[in-house]
Amino acid sequence: MSVRVRFAPSPTGSLHVGGARTALFNWLYARKEGGVFVLRVEDTDAARNTAAAQAAIVDGLRWLGLDWDEGPEKGGPHAPYYQSQRGHIYDAYFQKLVDAGHTYTEENGAVRFRSPRQVIVLPDKICGDVKIDRTEEPDMTIRRPDGSYIFHFVNVVDDIEMEITHVIRGEDHIFNTGKHIELFRAFGAEPPVYAHIPLILNPNGSKMSKREDGAALEYYTKRAFLPAAFVNYLCLLGWSPKDDREILGIDDILPLFRWENMNHSNAKFDLEKCLWFNAQYLAKLDAPAFDHLAIAWLLKQEQPLPGTDDPRLVSALPLIQPKIKSIPEIAEHLHMLFDGSSPVAEDASVKLAAQPEIAKRLETLKTHLEGIETTDWTAAGIQAAVAAAAKELAIKPGALMFPLRVLATGQAHGVDLLPALEWLGKPETLRRAAARIPQCLPAV
RNA sequence: GACCCUUUCGUCUAACGGUUAGGACACGACCCUUUCACGGUUGUAAUACGGGUUCGAUUCCCGUAGGGGUCGCCA
């Protein structure tokens, strides 16, 4: 019997990191086993569902690169894949329960399932055998007075109907599973294999909620993270190849995606490390791919950044690519390259002030830069001029590089300097230097 | 509070019952670099605690403590 798994989100907000990983693990398991990955939208709570959330799920999964074999926009033998459109199926299953005497109706019309009140042992692929004592639990409601059905009921009905063989979901569902197994048994169906994965937590240890910054997948899509990098990082939260490798593609992960390689404890999401993965993948991008990514992001900004409409933009991007961990960091570099009027940054001026004879150095530097023939205004030519200035001052050329950086960019950090100066051109570089020299001099 | 899951550097994690407890992020130092970075080398840093079992416990068992989750006519 072939593997059939599903991702069954409810469209009540943006897709969040935990949901993304649940989808990812289901997808990985399906692909590893040559099975089927079903997307099912659990939109039974009309009051809370939105079209925007609906789109966020589809867009999010596409961004992650997780293609579904059955589901919205794809169809399949068990269509429809929206629970809001499956009412007749639920009615039929509901009647089976009623006929078998498993239900009773409350005064207000809500219908409850009469629990067998047993201790259930859940053989979980990750947690092991989990005892769930249902003997003292209240009966679950399965249908509201208005006739709509509750999550537990529709979830189980659909898993039966869609022939789901494995349920991979967050550990926060582990007690629901007790209820679900009761329903499977009441329907005379064999429960699927369960695997409850530990949760992803905020850095402070609290449960990642949809509201928090960085918890929504949108946070990463808006910042143009590379999906492959994000997926790579996400896999390492809750799963491990059990060796020292960290940069792993789907092809590396698939053969090792086994229950034994799943972790048992919750993991905190570390944005710094996620950014590091992104930087690793960003650095490997070829120029056209990077340009495409960067420009697409630039065009989406409400406030246009310097250089966005400048024909020199594409020639500036290669200077920036190796310096950033995420696309939005382009902004500061564009300011530096395209906006010569920005004042000298505080940390730059402090660091500069520590140099001896700063006025003399800056002037000497300027003089030598002015002396460069326009045709020699290249990284190598500028380097030669810096060396000449250093010789005149009897200091190491390296000592002049930082002042030069501050004069040209106003910053203590930034792109590789010599190529940047070549890119800026002689007139612009000199204009900036002249304007900034006064700012760089110690206050009298 | 009850129940369930869980516990190795700050974080993510590795370690057939025998390792100087390894790697990565972050942080520091050094090297490379005529700057900023990348990279390389390296340093600080962990088996929650208490009992067992064992020649030997990070590893197995039992407690305690910590963390997380769940206790809906939300999903």
Side-chain angles (χ1 to χ4, degrees), chain A residues 8-13 19 41-45 47-49 83 106 108-112 122 124 126-128 130-134 136-138 140-146 148-152 154-155 169-178 196-203 205-207 233 235-247 263-277 279-280 283 319 322-325 333 336 382-384 386-387 390 395-406 408-409 411-421:
Chain A
S10 69
T12 56
V41 179
E42 307 219 329
D43 54 350
T44 53
D45 187 358
R48 294 175 60 211
N49 297 154
Q83 288 188 331
E106 301 269 42
N108 68 359
V111 178
R112 288 183 185 263
L122 162 65
D124 192 271
I126 294 170
C127 300
V130 180
K131 258 185 258 140
I132 302 174
D133 187 347
R134 303 267 318 140
E136 305 291 329
E137 296 299 314
M140 70 179 125
T141 302
I142 59 172
R143 197 175 76 162
R144 300 185 185 93
D146 68 1
S148 63
Y149 296 98
I150 299 293
F151 160 72
H152 305 296
V154 292
N155 188 269
R169 58 175 26 161
E171 208 175 60
D172 50 343
H173 277 292
I174 206 152
F175 283 107
N176 287 335
T177 303
H196 287 91
I197 53 186
L199 303 177
I200 299 178
L201 271 27
N202 288 312
S206 63
K207 189 184 180 185
Y233 175 65
C235 281
L236 261 14
L237 255 28
W239 171 88
S240 164
K242 303 294 180 192
D243 57 33
D244 286 344
R245 290 176 300 159
E246 294 212 294
I247 301 290
N263 298 127
H264 295 196
S265 56
N266 296 344
K268 291 171 182 150
F269 191 94
D270 183 359
L271 184 58
E272 284 297 332
K273 187 149 186 177
C274 185
L275 278 166
W276 178 82
F277 275 97
Q280 296 292 312
L319 296 170
K323 301 294 174 184
I324 59 174
K325 288 185 171 178
H333 289 106
M336 217 182 283
I382 298 162
Q383 184 176 319
V386 170
I395 58 176
K396 285 191 284 190
L400 287 176
M401 290 298 278
F402 185 77
L404 182 56
R405 172 178 292 282
V406 178
T409 71
Q411 302 295 317
H413 308 277
V415 298
D416 199 12
L417 189 56
L418 267 9
L421 295 184

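For clarity, every value in this text was computed on a predicted model and none was experimentally measured. Each chain gets a letter, A, B and so on, in the order the sequences are listed, and its residues count up from 1.
Between A:S240 and B:A14, a side-chain N or O to OP1/OP2 separation shorter than 4.0 Å is present. OP1 or OP2 of B:A26 sits under 4.0 Å from a side-chain N or O of A:K325. For the OP1/OP2 pair of B:C71 and a distance below 4.0 Å, the side-chain nitrogens and oxygens of A:N176 include no atom meeting the criterion. A close approach under 4.0 Å does not occur between any side-chain nitrogen or oxygen of A:Q411 and OP1 or OP2 of B:A37. Between A:H413 and B:A37 there is a side-chain N or O to OP1 or OP2 distance below 4.0 Å. Dashed line: the shortest gap from a side-chain N or O of A:T141 to OP1 or OP2 of B:C73 is under 4.0 Å. Proximity of A:T44 to the phosphate of B:A75: a side-chain N or O atom is located under 4.0 Å from OP1 or OP2. Side-chain nitrogen and oxygen atoms of A:R112 include at least one within less than 4.0 Å of the OP1 or OP2 phosphate oxygen of B:C73.
In this structure, B:G43 and B:C27 make a Watson-Crick or G-U wobble pair, each of the two defining distances being under 3.5 angstrom. Across all strands shown, nothing is found opposite B:A21 as a Watson-Crick or G-U wobble partner with both distances under 3.5 Å. For B:G1, the paired nucleotide is B:C71, the pair qualifying as Watson-Crick or G-U wobble because both relevant distances are below 3.5 Å. The partner of B:G56 is absent, by the rule that a Watson-Crick or G-U pair needs both atom distances under 3.5 Å. Searching all strands for a Watson-Crick or G-U wobble partner of B:A14 with both distances below 3.5 Å returns nothing. The nucleotide B:A65 finds its pairing partner in B:U7, both defining distances of the Watson-Crick or G-U wobble pair being shorter than 3.5 Å.
A straight line from CD of A:E137 to C1' of B:C4 spans 11 Å, rounded to a whole angstrom. Summarising the geometry, the separation between CD1 on A:I132 and P on B:G69 is reported as 18 Å, rounded to the nearest angstrom. One atom, CH2 of A:W239, and another, C1' of B:A14, lie 13 Å apart when rounded to the nearest Å. Going from atom CH2 of A:W276 over to atom C1' of B:A37 covers 16 Å, rounded to whole Å. Atom-to-atom, CG of A:L201 to P of B:U70 comes out at 11 Å; the value is rounded to the nearest Å. Between the CG atom of A:N263 and the P atom of B:C5 there is a distance of 17 Å, rounded to whole Å. In this structure, the CD atom of A:E246 is 11 Å from the C1' atom of B:A14, given to the nearest Å. When the P atom of B:U34 is taken as reference, atom CG of A:L418 falls 10 Å away, rounded to whole Å.
Distance check on atom C1': B:A15 versus B:G22 gives 7 Å, rounded to whole Å. The gap from the P atom of B:C49 to that of B:U11 amounts to 15 Å, rounded to the nearest Å. Of the P atoms belonging to B:A48 and B:A14, the separation is 15 Å, rounded to the nearest Å. Distance check on atom C1': B:G56 versus B:U19 gives 14 Å, rounded to whole Å. The same atom, P, is picked in B:C71 and in B:U20; the two are 48 Å apart, to the nearest Å. When the P atom is compared between B:C62 and B:C12, the two are found 25 Å apart, to the nearest whole Å. Comparing B:C36 with B:A45, their C1' atoms are spaced 29 Å from each other, to the whole Å. Comparing the P positions of B:C27 and B:U34 gives an interatomic distance of 25 Å, to the nearest angstrom.
The side chain of A:F151 has B:A75 as its nearest neighbour among B:A24, B:A75, B:U13. Counting only heavy atoms from C-beta on, A:I174 has its side chain closest to B:C4 among B:C4, B:A75, B:G68. Out of B:C71, B:C3, B:A37, the shortest distance to the side chain of A:F175 is found at B:C3. Counting only heavy atoms from C-beta on, A:R144 has its side chain closest to B:C73 among B:G69, B:C73, B:C12. The A:K268 side chain lies nearest to B:C12 when the options are B:A75, B:A37, B:C12. When distances run from any side-chain atom of A:Q383 to the nucleotides B:U34, B:U11, B:G69, the shortest one goes to B:U34. Listed nucleotides B:A75, B:G68, B:U6 differ in distance to A:I150; the shortest reach to its side chain belongs to B:A75. The side chain of A:K273 approaches B:C12 more closely than any other nucleotide in the set B:C73, B:C12, B:G22. Set against B:U70, B:U7, B:A24, the side chain of A:S265 has B:U7 as its closest nucleotide. Nearest nucleotide to the side chain of A:P397, out of B:U34, B:C3, B:C36: B:U34.
Taking 3.5 Å as the limit, the base of B:A14 and the side chain of A:K242 contain no donor-acceptor pair of atoms between them. A donor and an acceptor atom sit less than 3.5 Å apart, one in the side chain of A:N108 and one in the base of B:C73.
Contact annotation: the side chain of A:P241 approaches that of A:L236 to within less than 4.5 Å [non-hydrogen atoms, C-beta and beyond].
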Residue pair A:H152, A:N176: steps toward the side chain to side chain contact (heavy atoms under 4.5 Å, CB included) verdict: CA-CA 7 Å; A:H152 305 296; A:N176 287 335; 3.2 Å; yes
A:N266 vs A:E171, side chain to side chain contact (heavy atoms under 4.5 Å, CB included): CA-CA, chis, key distance, verdict: CA-CA 9 Å; A:N266 296 344; A:E171 208 175 60; 3.9 Å; yes
Residue pair A:T177, A:R169: steps toward the side chain to side chain contact (heavy atoms under 4.5 Å, CB included) verdict: CA-CA 10 Å; A:T177 303; A:R169 58 175 26 161; 2.9 Å; yes
Evaluation steps, side chain to side chain contact (heavy atoms under 4.5 Å, CB included), between A:H333 and A:L319: CA-CA 9 Å; A:H333 289 106; A:L319 296 170; over 6 Å; no
Check against salt bridge (Lys or Arg N to Asp or Glu O under 4.0 Å), A:R245 and A:D243: CA-CA 6 Å; A:R245 290 176 300 159; A:D243 57 33; 3.0 Å; yes
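Across all strands shown, A:Q280 has heavy atoms under 4.0 Å from sugar-phosphate atoms exclusively, and none from any base. If you check every strand for non-hydrogen atoms under 4.0 Å, A:H173 touches a base. Counting any heavy atom pair closer than 4.0 Å across all strands shown, A:V386 reaches no nucleic acid atom.
Scanning both residues, A:C274 and A:F269, for their nearest heavy atoms gives SG-CZ, 4.0 Å.
Between the side chains of A:R405 and A:T409, not a single donor N or O lies within less than 3.5 Å of an accepting N or O.
Checking A:D45, A:V41, A:N49, A:T44 one by one against A:Q83, the side-chain contact (heavy atoms from CB on, under 4.5 Å) holds for a single residue, A:T44.
Aromatic ring pairs are classed by plane angle as parallel below 30°, tilted from 30° to 60° and perpendicular above 60°; the pair A:F277 and A:Y233 is tilted.
In this structure, A:G205 and A:R405 both approach RNA chain B, and ranking their closest nucleotides by distance from the 5' end singles out A:R405. Of the two residues near RNA chain B, A:V415 and A:P203, the one whose nearest nucleotide lies more 5' is A:P203.
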